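Computed from a predicted structure; not experimentally measured. In what follows, every chain begins at residue 1, and chains take the letters A, B, ... in the order their sequences are listed.
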Amino acid sequence: MAGPTFQALPGFRDFIPRECAVRNYLFETWRATARRCGYVEYEAPILEDTSLYLKKSGGELSAQLFRFEDQGGRDVTLRPEVTASLARLAAEHQRHFPKPLKWFEIGQCFRYEKPQKGRGREFYQFNVDILGEAGPAADAELIALAIETMLAFGFVAGDFVVRVSDRHAWIEFASRHGLAADAIPEFLGIVDKIERDKPEILAAKLAALSLTTAQVREFIADPANASPAYLAIRADLTARGLGAFVELDLSIVRGLAYYTGVVFEVFDAKKSMRAVAGGGRYDTLVATISDGAVDLPATGFAMGDYVIRNLIEETTHTAMQLAVWLQRHAAACDVFVVVADEAQRAAALKLVTDLRRAGIATDLPLTAAKVAKQFQSAERSGARFALVVGAEYPELKLKVLASRSEESGTAATAVAWLTARLLEPDGPLFA
RNA sequence: GUGGUCGUAGUUCAAUGGUAGAGCCCCAGAUUGUGAUUCUGGUUGUUGCGGGUUCGAGUCCCGUCGAUCACCCCA
């Protein structure tokens, strides 16, 4: 191990085949669920002008940017989120699409943070947004997808809950207590930390705004403070049969500065207290990004791959669903060709090509090897069948690897034979 | 950015301050055209890196890099 050793940068991951398969399970579930609900996929650049993020995302995010100067002297940043890019994209292209836009994206984001459980410097996000519809029906439709996604992973009632709030409720609270409009962002920041700040610090912060902890806690505790938008969303989701997954939680405010109304988070019902997904309404972001050229109301959420994967693997029934999926997708090929006689390798190569062109996933050993070793390779590949090409060619033997039974056929009809055979069950096992 | 714990073979882990080991994995053979099990044999280390203490450091001390967990924040 002399000299420099190379490894992945801190917070970055290698996806060896099994890890990649788990990742793809998330991707395929996300994608299938979004499509099922009428969303279309888009993608945005992974690298953007830094100013896109400095303007409106706000808060800690600007301190966590993977930011550098490119060779043309531009100040650029690997995206920490995609909402800003989406707003830019939407402002530029929205004319070409009927409203509302129901768009989703699956891609990598980057934040320069200290890696720990559930968080790396690089992560994948499932981003879903509805643009061009200002009413609560859009928020309900969006939250419905968040719930359907959880259900698609195998979570059931009791495993998770969507906590919904509305910044409008707090804005009303603030104005009723005489807070200036420009003090509201700071106030929301205090509410956001109400469960995390020490009581005396919390009290001091609120006192600066002439408020008390008791006033804020009372407001959170009273269901009567639910906003009209929340009530409409709840009624909508109840009609869908999803009402049981939603609850009011006015303590949810969320950190990002651009949220303007309804905000929500999907929580693990067990005490992990970590949001699996979060989002909300951002009605002014598109206008801000486009300098007022386009005014498009919007609502969206993001689900990160770290947390959802942890939750899936820590929950018995969802972990089993993942295991079944991995099992079903683990095979490297359907048919493994065994070259029992090297003199027939040319025939085997032709056969492999024919099978592959017929759409049958086929593999073969690249160098001469003992038959026993080739069967081991076949076994490990996960293939259902081993097709033996030997001295008796063009006669072929087909071994069903699971049952160890053997069948015969000829090279001339191999493609049709195997195509049909792959559609049939393997029959009884006799070991 | 702050703090705790931990860095030994590909991997999981041993080794009262006294010659660096084991399981698994991998490779080969037993078995010349059939996979499990079993048996036999075999490869692999500047003990993360750099200093210090000591007759002697994997072990103790300092630094550094990395991993991990928590805080901060968030997906």
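Residue A:Pro10 places its side chain closer to B:G66 than to any other of B:G33, B:U34, B:G66. Across B:C26, B:C69, B:G33, the shortest atom-to-atom separation from the side chain of A:Lys117 is found for B:C69. Side-chain proximity of A:Ala340 to the nucleotides B:A75, B:U34, B:G33 is greatest for B:G33. Here the side chain of A:Arg119 is nearest to one of B:C26, B:C71, B:G33, namely B:C71. Of the candidates B:A36, B:C74, B:C72, B:C72 carries the atom nearest the A:Gln116 side chain, counting heavy atoms from C-beta on. In this structure, the nucleotide among B:C72, B:A75, B:U34 sitting nearest to the side chain of A:Lys193 is B:C72. In the set B:G66, B:U34, B:G1, the nucleotide with an atom closest to the side chain of A:Lys114 is B:G1. Here the side chain of A:Lys370 is nearest to one of B:U34, B:C74, B:G29, namely B:G29. Listed nucleotides: B:A36, B:A75, B:C74. Nearest to the side chain of A:Val307: B:A75.
No donor-acceptor pair closer than 3.5 Å links the side chain of A:Thr413 to the backbone N or O of A:Gly409.
On the C1' atoms, B:U38 is 25 Å away from B:U44, given to the nearest whole Å. The gap from the P atom of B:C26 to that of B:G10 amounts to 15 Å, rounded to the nearest Å. B:G42 sits 11 Å from B:A22 when the P atoms are compared, rounded to a whole Å. Annotation: B:A70 and B:C27 have their P atoms spaced 38 Å apart (nearest Å).
Per the geometry, CG belonging to A:Asn310 stands 15 Å off C1' belonging to B:A70, to the nearest Å. Whole-Å rounding puts the A:Arg404 CZ to B:U37 C1' distance at 10 Å. Whole-Å rounding puts the A:Asp305 CG to B:A75 P distance at 13 Å. Separating the CD atom of A:Gln376 from the C1' atom of B:U31 is a distance of 12 Å, rounded to the nearest angstrom. Computed from coordinates, the A:Met303 CE to B:C74 P distance equals 18 Å when rounded to whole Å. B:G10 atom P lies 16 Å from atom CD1 of A:Ile16, rounded to whole Å. Rounded to a whole Å, the CD atom of A:Glu265 is 12 Å from the C1' atom of B:C73. Rounded to an integer number of Å, the gap from A:Phe12 CZ to B:U68 P is 14 Å.
Between A:Glu265 and A:Arg163 there is no salt bridge, since no side-chain N of the basic residue sits under 4.0 Å from a carboxylate O of the acidic one. Using a cut-off of 4.0 Å between Lys/Arg side-chain N and Asp/Glu carboxylate O, A:Glu122 and A:Arg79 are scored as not salt-bridged. Ionic pairing of A:Asp75 and A:Arg67 is present here: one or more N-O contacts between side-chain nitrogen and carboxylate oxygen are shorter than 4.0 angstrom. Salt bridge A:Arg421/A:Glu424: present, at least one basic N to carboxylate O contact under 4.0 Å. Note on A:Glu407 versus A:Lys397: no salt bridge recorded, every NZ/NE/NH1/NH2 to OD/OE distance being 4.0 Å or above.
Applying the Watson-Crick and G-U wobble criteria (two distances, each under 3.5 Å), B:C25 pairs with nothing in any strand. B:U38 is paired with B:A30 under the Watson-Crick or G-U wobble criterion, all donor-acceptor distances under 3.5 Å.
Between the side chain of A:Glu113 and the base of B:A75, a donor-acceptor pair under 3.5 Å is found. The base of B:G33 sits with one of its N or O atoms less than 3.5 Å from a complementary donor or acceptor on the side chain of A:Glu392. In this model, a side-chain donor or acceptor of A:Glu406 finds a partner on the base of B:U34 within 3.5 Å.
When only modelled atom types and interatomic distance are considered, A:Tyr124 and A:Arg309 share no side-chain donor-acceptor pair under 3.5 Å.
Within 4.0 Å of A:Arg309, counting heavy atoms only, lies no atom of the nucleic acid at all. Residue contacts for A:Val338: at a heavy-atom cut-off of 4.0 Å it reaches no nucleic acid atom on any strand shown. Residue contacts shown for A:Arg254 are limited to sugar-phosphate atoms, with no base heavy atom under 4.0 Å away.
You cannot call A:Tyr306 stacked on the base of B:A75; the centres under 5.5 Å and planes under 30° rule is not satisfied.
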